[in-house]
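Numbered from 1 within each chain, the chains take letters A, B, ... in sequence-line order.
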Protein chains: 2
Amino acid sequence: MYDVSAPDKSKLSQLLSGIPYFRGQGPAVVAALAACAIPRTFEVDAIIFWEDQPATGLFLVEEGTVKISRISKEGREHIMHLISAGDTFNDVAALDGGMNPATATACTAVKVWEIPREDLRRLAEQYPQLAWALVESIARRARHLVGLVQGLALRNVRGRLAHLLLSEAQNLDSDRVPRMLTQEEMAARVGTVREVVGRALRNLANDGIIEFDRHRIVILDPDRLAAAAEV
Amino acid sequence: MYDVSAPDKSKLSQLLSGIPYFRGQGPAVVAALAACAIPRTFEVDAIIFWEDQPATGLFLVEEGTVKISRISKEGREHIMHLISAGDTFNDVAALDGGMNPATATACTAVKVWEIPREDLRRLAEQYPQLAWALVESIARRARHLVGLVQGLALRNVRGRLAHLLLSEAQNLDSDRVPRMLTQEEMAARVGTVREVVGRALRNLANDGIIEFDRHRIVILDPDRLAAAAEV
DNA sequence: CCCATACTATGACTTAAGTCTCATCCTCTC
DNA sequence: GAGAGGATGAGACTTAAGTCATAGTATGGG
């Protein structure tokens, strides 16, 4: 048992050191976190946790992609975040101790580490730099949420879609958004339905702002795309 | 100078002790916070800070109401929070060190205390319980934002309005929402325009869920109002 | 008491978004 | 290379939301 988990834990230390907010924490903190982290794996489409259930801890993604979303009573899904390796999720519930505000689903096979809330709290009180790192981390998450709120309240579908395309393109440091994004997925991310996304895309293409290269979207005019995304 | 500020500072300590997240911090922490807090006053409609400006610190309201909002390029305002005495604002920017994500305006004459980011950070690293209190505070703020996002993405105007009425009524522990809320204000809070709010209210009234008593809104059927607010 | 002002009511109309439906087109497997 | 299944394109239609215009109604100050 110990022999099996030992290599995992060292991998975790490495992972933790590579994460922005745990970088600069020093080996003691990393080791302490690694000591209480629980490894978990999920297969594609597995539910990691449901909304409105008590939070168990903070999750850290080692491998794979996790979707944080919520489904309306009419069955429409809204994707709030897509979390990839090296990032955390369920910060909110793990840190305020309330219920999970959304559902987490494995988009791919996923390996995560879970740090129980109580351990996190204990370590935060023991290592002040860790506490501050958590503060900055959750503050950044809140900032992202503010952006979402403003997008939904002040932008129309075209604007939100333009914003999504820009941020996806930025993620790849390229003007080519890979078509991992189906229209269905884009719809869930901007809070609308597939057909409307299709229309908005054709619209942007008619305006010469983007074009389709087979089934990839190519950004022709980043400036006008950014203008379309302005609040 | 010292004589003038002394009573203010003691008032601040009292205020700080009364705030949920600073309660249980012990007098040393409260005194330390009070020592670096800067008092500021604003008259009605004064801008406390603008969005996209560098954050100066965390604000704590002693008296009055502060509006946190953003205006679209077409001139539509969206109110994200209304902050009243005993609560903090600009947590996000103060804690992550980025730009202010929204504009803060004094809705009434306002007295606030500002705790500079660097002082906050120093004290947080010195007093671990303070750091954890900040973590929980910003996590709660993030939770509120998640609620806003989900409301905007998954509820229609009627649903968001129902939600607003319920939370306003709850704030007063009563089923009577005082008409401090104009339709214009409700519109800004649910992210729409005045006429649409008016229609939605008449709609709820036709359905027997609310009624108008002069210019107050009376909730007749909290259950059906809650059903209308469901995501 | 009257008027100015701010808020509300309401209808007519436009536009954006959502729904329904079906054709088409990849791409992967057999 | 045929067919199945997922993804897209697109038209027709419905509905929610937003805009415009205008009239009514509080209400507080002079």
Phosphate contact (dA9(C) OP1 or OP2) by Gln183(B) side-chain N/O below 4.0 Å: yes
With sequence neighbours left out, which residue pairs that include part of residues 98-111 of chain B fulfil the salt bridge (Lys or Arg N to Asp or Glu O under 4.0 Å) condition? Glu63(B)-Lys111(B)
Contacts satisfying salt bridge (Lys or Arg N to Asp or Glu O under 4.0 Å) that involve residues 145-159 of chain A (not counting sequence neighbours) are Arg158(A)-Asp207(A)
Inspect the contact between Arg141(B) and Asp87(B) and indicate whether a charged nitrogen and a carboxylate oxygen are less than 4.0 angstrom apart. yes
Within this structure, what is the CD-to-P distance between Glu184(A) and dA7(D), rounded to whole angstrom? 8 Å
Under 3.5 Å donor-acceptor pairs involving side-chain atoms of residues 51-58 of chain A, not counting sequence neighbours:
unit_1: Glu51(A); atom_1: OE1; unit_2: Thr103(A); atom_2: OG1; d: 2.9
unit_1: Asp52(A); atom_1: OD2; unit_2: Arg70(A); atom_2: NH2; d: 3.4
unit_1: Thr56(A); atom_1: OG1; unit_2: Glu114(A); atom_2: OE2; d: 2.3

Please enumerate all residues that pass side-chain hydrogen bond (donor to acceptor under 3.5 Å, both in side chains) together with Ser69(B), with sequence neighbours excluded. Glu77(B)
Here the distance between atom P of dT8(D) and atom CG of Leu161(A), to the nearest Å, is 12 Å
Got a sec, which residues hit side-chain hydrogen bond (donor to acceptor under 3.5 Å, both in side chains) with Ser72(B), two or more places apart in sequence or on another chain? Glu74(B)
Applying side-chain hydrogen bond (donor to acceptor under 3.5 Å, both in side chains), name anything that partners Thr41(A), two or more places apart in sequence or on another chain. none
Reading nucleotides 24-29 of chain C from 5' to 3' and marking B where a protein heavy atom lies under 4.0 Å of the base, S where only the sugar-phosphate is that close, and - otherwise, the string is ---S--
Take nucleotides 10-20 of chain C nucleotide by nucleotide from the 5' end and write B, S or -, depending on whether a protein heavy atom sits under 4.0 Å from the base, only from the sugar-phosphate, or from neither. B-B----SBBB
Partners meeting salt bridge (Lys or Arg N to Asp or Glu O under 4.0 Å) with Glu195(A) (sequence neighbours left out): none
Report the residues that fulfil salt bridge (Lys or Arg N to Asp or Glu O under 4.0 Å) with Arg189(B), sequence neighbours left out, ordered by chain and then residue number. Glu168(B)
So for the helix from dC1(C)-dG30(D) to dC30(C)-dG1(D), with five pairs setting each end axis, what is the inter-axis angle to 10°? 30°
Could you name each residue pair satisfying salt bridge (Lys or Arg N to Asp or Glu O under 4.0 Å) that touches residues 219-231 of chain A, not counting sequence neighbours? Asp221(A)-Arg224(A)
